[in-house]
Number of protein chains: 2
Amino acid sequence: MYEKYVKILKDHTLKVTSPRLEILKYLDEHHIHPNVEEIYSALKKKHPSLSRTTVYNSLETLKKNKIIRSLTISGSELRYDIEEGMHHHFICTQCGAIIDIAISCPNMDRTIQGGHRVEEVQGYFKGICKKCQTKEKGRNNNG
Amino acid sequence: MYEKYVKILKDHTLKVTSPRLEILKYLDEHHIHPNVEEIYSALKKKHPSLSRTTVYNSLETLKKNKIIRSLTISGSELRYDIEEGMHHHFICTQCGAIIDIAISCPNMDRTIQGGHRVEEVQGYFKGICKKCQTKEKGRNNNG
DNA sequence: TACTAAATTGTAATCATTACAAATTAGAAA
DNA sequence: TTTCTAATTTGTAATGATTACAATTTAGTA
């Protein structure tokens, strides 16, 4: 059940610890781009001894090893995502949801931009998500 | 001297106030993507009565009116930029500088992405800037 | 010139994140 | 298997950006 995550950690020569496994599993099974608090409260249920600081520390370690990445899209808190295949993100300014956007962009794979060495690319789109647009229509129709 | 900024505010039916004019002028003359503190301390010198809260409020107003935009690229604080022509941003993880990147991307002008209504697009590139790369080389050569 | 809604100001929260030191533990070595 | 140690986890106490809020001031209109 955790073999997959054990392997990931070992492949990066990281110590295999319970918090790291649980965080990895959580991010792998919940592609909702959670913030630290969401991860913490979800895992705290099963592991009451878990510390918030550990979540911060573990996320930082996983990020440094490029196993996960953090998104600054919200502007007020970091959101986390498993690293799998390049994609961009959309945030709904109404409901706050962060949604994967599968697009390819000629600039994504450029390792040099304007003479600067690029190590990470993030495309952020902001607006109203499909779901919230439907709600809008519903409100209009119903008065 | 301030006519340009007066006009911008009036065109948006915003009240013309000293803080707004000064902030606009500052952003127009300093394309360094400053944070609130930088703007505040720079303007505080000339206008000792200026309040930090006013800087926050004014920036928010200017942002809502799409006169300026905020960047979440740093992850720890908002950075501000005058709205003029679509461009993306590069942040140097070494020196912290945020640099304009003039690129065109087919996704930039898309108003729909995956069914979501897009109102804002931001492309963030992270890595080592040209200047810091030169410094690296210098260090290597000298020792 | 007087009026009023909006803007400015200062102080006091709030909230995400970091600093730090003590306790625990994973994994290597014996 | 046991021992050892550096790395990790934990909890509490800062820090720092941002927001809330109430009092004061002011831009623009009547």
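Every heavy atom of this structure was used, including side-chain atoms; hydrogens, water molecules and symmetry mates were not.
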_For nucleotides 10-19 of chain C, give me one character per nucleotide, 5' to 3': B if any protein heavy atom sits under 4.0 Å from the base, S if the only such contacts are to the sugar-phosphate, - if neither._
BB----SBBB

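For K44(B), the NZ atom counts as densely surrounded, since its 6.0 Å shell holds more than 12 non-hydrogen atoms of other residues, nucleotides or ligands.
Rounded to whole Å, atom C1' of dT8(C) lies 15 Å from atom CD of E22(B). To the nearest angstrom, P of dA17(D) lies 16 Å from CG of L71(B). Atom-to-atom, CG of L21(A) to C1' of dT9(D) comes out at 14 Å; the value is rounded to the nearest Å. One atom, NE2 of H47(A), and another, P of dT24(C), lie 19 Å apart when rounded to the nearest Å.
Other members of the cluster containing I112(A) do not exist, because no ILVMFWY side chain is joined to it at under 4.5 Å.
The backbone N or O of D100(A) sits nowhere less than 3.5 Å from a side-chain atom of H87(A) that would complete a donor-acceptor pair.
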Can you give me the N/O atom pairs linking the protein to nucleotides 25-30 of chain D at distances under 3.5 Å, or say none if there are none?
from, atom 1, to, atom 2, distance (Å)
dG28(D), OP1, V16(B), N, 2.9

*Full working for side chain to side chain donor-acceptor pair (under 3.5 Å) between Y2(A) and E22(A)*: CA-CA 9 Å; Y2(A) 287 90; E22(A) 294 293 348; 2.7 Å; yes

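Taken from NE2 in H12(A) to CZ in R20(A), the straight-line distance is 12.0 Å, to the nearest 0.5 Å.
Side-chain heavy atoms closer than 4.5 Å link hydrophobic residues (I, L, V, M, F, W, Y) into clusters, and following such links, even through other members, never connects I82(A) to I73(A).
Considering only heavy atoms from C-beta on, T93(A) comes within 4.5 Å of I128(A) through its side chain.
Between the side chains of E120(B) and Y124(A), not a single donor N or O lies within less than 3.5 Å of an accepting N or O.
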